[in-house]
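Values reported hereafter were calculated over all heavy atoms of this structure, with side chains retained and with hydrogens, waters and symmetry mates removed.
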Amino acid sequence: MLSFVLRRVGVSILILIAASFLMYTLVALARDPLEDLYASNSPNKDALIAQRTAWLNLDQPIPVRWFNWFLGAARCVIPFGGCDLGVTIQNQPVTIVLARAMGATLQLVTASTILAIVLGILVGIVSALRQYSAIDYSFTFASFLFYSLPSFVMGVLLKVFFALGFNDWLDSPVFTWPWIIALSLVSGVFWQAIIGGPRQRRLVVFLASVVTTGAMLYGMSVTAWFLNPSLGPILTPLLIAAFGAAMVLIIAGPRARYAWRTAAVTVIVLVAAYFVLQPFLKSFNGWGVFALFVAASLVGAVAGWFLGEYDKGQAIRIGVLTGALGMGVIILDQFMQNWNSYVNNPKVNGRPIATIGSETPNLQGDWWIQSIDTFTHLLLPTISLMLISFAAYTRYSRGGMLETLNQDYIRTARAKGLPERTVVVRHAFRNSLIPITTIVAADVGALIGGAIITERIFAFSGMGALFNQGLQHADPNPVMAYFVVIAVFAITFNFLADLAYSAIDPRVRVK
């Protein structure tokens, strides 16, 4: 294992060195960084040319400039080595500019990657389990549609139909009866297709979904819920309990009494915490919220340890997931309680879904208000990036699941009488993840690269803007900083994918 890791690290370093030299040379030869000064009528033009030549070392050959840049970049991996990625054409240190841009882009890419993986795998599994059904054809159509749409088209559609339309609708957030009926019918068709089963069960699910959705939309319309949203003391405990029950049914099955006890204890503690924390949550910041998630997970782990009986590991997983998801419901309710204050802020002016920028300038407010502002600015670009990757994850997870379900050991598991949940979750799901690991490794770098267009559409000040400015001004150092980040991410995730193979598939061993 150690020799494999060392070999991969050595090869990755060589690839990074060769690729950085090629990239630096191409950028340096693309345009002349002094082009704008040559056309200038400034009386001190010669002094400006000499100054920029000294800043960028333009009096040296390209290989020498690259070598000097590489020595400075190599110090970034040495603790306290004095990381030096050069300066921009305006003599700003690239490390400072990169840190600011990378933070914004990583927020965007991280959220879109996680959502694409989770939703893509879930939709792919459901599509495989309902092969050749209406829901399978619908998911397939949607996946290919999202995959075929360019990111700039997706971004424009989201800005016009989602952001502007939703902001206008918030002036009078009322669902008319045609919309209530149409959305209720769509919900009924969707859920009966997801649940499946005999015709009678499908009809019951359809009717229940239509009535529930219609009642919810009518209640939201009458109470103007979207102007002052909240889960409240009724929906919050119900959602926490629903997450606990879902974790038991998915992981352990309906007959596992120890799992029900673990989830029940965790849910009771979280519901009690919800009422106790209400007067204090307003004063919490990011670290306080993180501590709440850790505490909720620990409560679930302790409950699983003491109530897990013969399968403590599974009980602990159920407890931890129930605790984390339940605390997420509590935090979501607190965000909803602060939504009205954010929307009515003079800087927001009743139009919360942002279409440009990464933050509202000069917005005043506590951590909750600032977090909502970050969310509203990240929403559209995250959806734009997520939908494109979502299509690939859906197709690969569906194909992997179908291939796995046709294996002999799956037929053997079913012949032994194992429940379908056990067959799908414990046996088929894990093996179907093997091709997904490859896609994730390749998709991270592609997402960061695709963020260039998305950031341009939404005027998002991230690494894409840094890259564009570097190319437009023939400034190689910002472009190389962008390249290094993408290369390091791509190499790192490919390396992690190789290690993940051995964890997911016991037949794979690295030596």
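- Looking at Pro254 and Val248, their side chains never come closer than 4.5 Å, going by heavy atoms from C-beta outward.
- Around atom CZ of Phe375, no more than 12 heavy atoms belonging to other residues, nucleotides or ligands sit under 6.0 Å away.
- By the 4.5 Å heavy-atom criterion applied to side chains, Phe243 and Val329 are counted as neighbours.
- For the residue pair Gln370 / Gln364, no side-chain donor-acceptor distance below 3.5 Å is found, with atom types taken as modelled.
- There is no side-chain donor-acceptor pair under 3.5 Å between Arg398 and Ser143.
- Taking the six-membered ring where tryptophan is involved, the planes of Trp367 and Phe335 are tilted, since the angle between them lies from 30° to 60°.
- In this structure, Phe226 has its ring center no closer than 6.0 Å to that of Trp339.
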Item checked: Residues Gln314, Glu309; criterion side-chain hydrogen bond (donor to acceptor under 3.5 Å, both in side chains); working and verdict -> CA-CA 10 Å; Gln314 189 177 79; Glu309 298 179 358; over 6 Å; no
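- Using cut-offs of 30° and 60° for the angle between ring planes, the Tyr482 and Phe467 rings count as tilted.
- Side-chain contact of Ser112 with Thr382: a donor-acceptor pair under 3.5 Å is absent, judged by distance alone.
- Other residues, nucleotides and ligands contribute more than 12 heavy atoms inside 6.0 Å of the CZ atom of Phe166.
- With a 6.0 Å radius and a threshold of 12 heavy atoms from other residues, nucleotides or ligands, Arg456 has its CZ atom at or below the threshold.
- Counting only N and O atoms by type, the side chains of Glu455 and Thr105 include a donor and acceptor under 3.5 Å apart.
- Heavy atoms from other residues, nucleotides or ligands lying under 6.0 Å from CZ of Phe290 number 12 at most.
- Under a cut-off of 6.0 angstrom, the local environment of CD1 in Ile356 is sparse, with at most 12 non-hydrogen atoms contributed by other residues, nucleotides or ligands.
- The one candidate from Leu183, Val222, Thr212, Ile181 that meets the side chain to side chain contact (heavy atoms under 4.5 Å, CB included) condition with Leu217 is Leu183.
- Formation of a donor-acceptor pair under 3.5 Å by the Thr213 side chain with backbone atoms of Ser184 is not found in this model.
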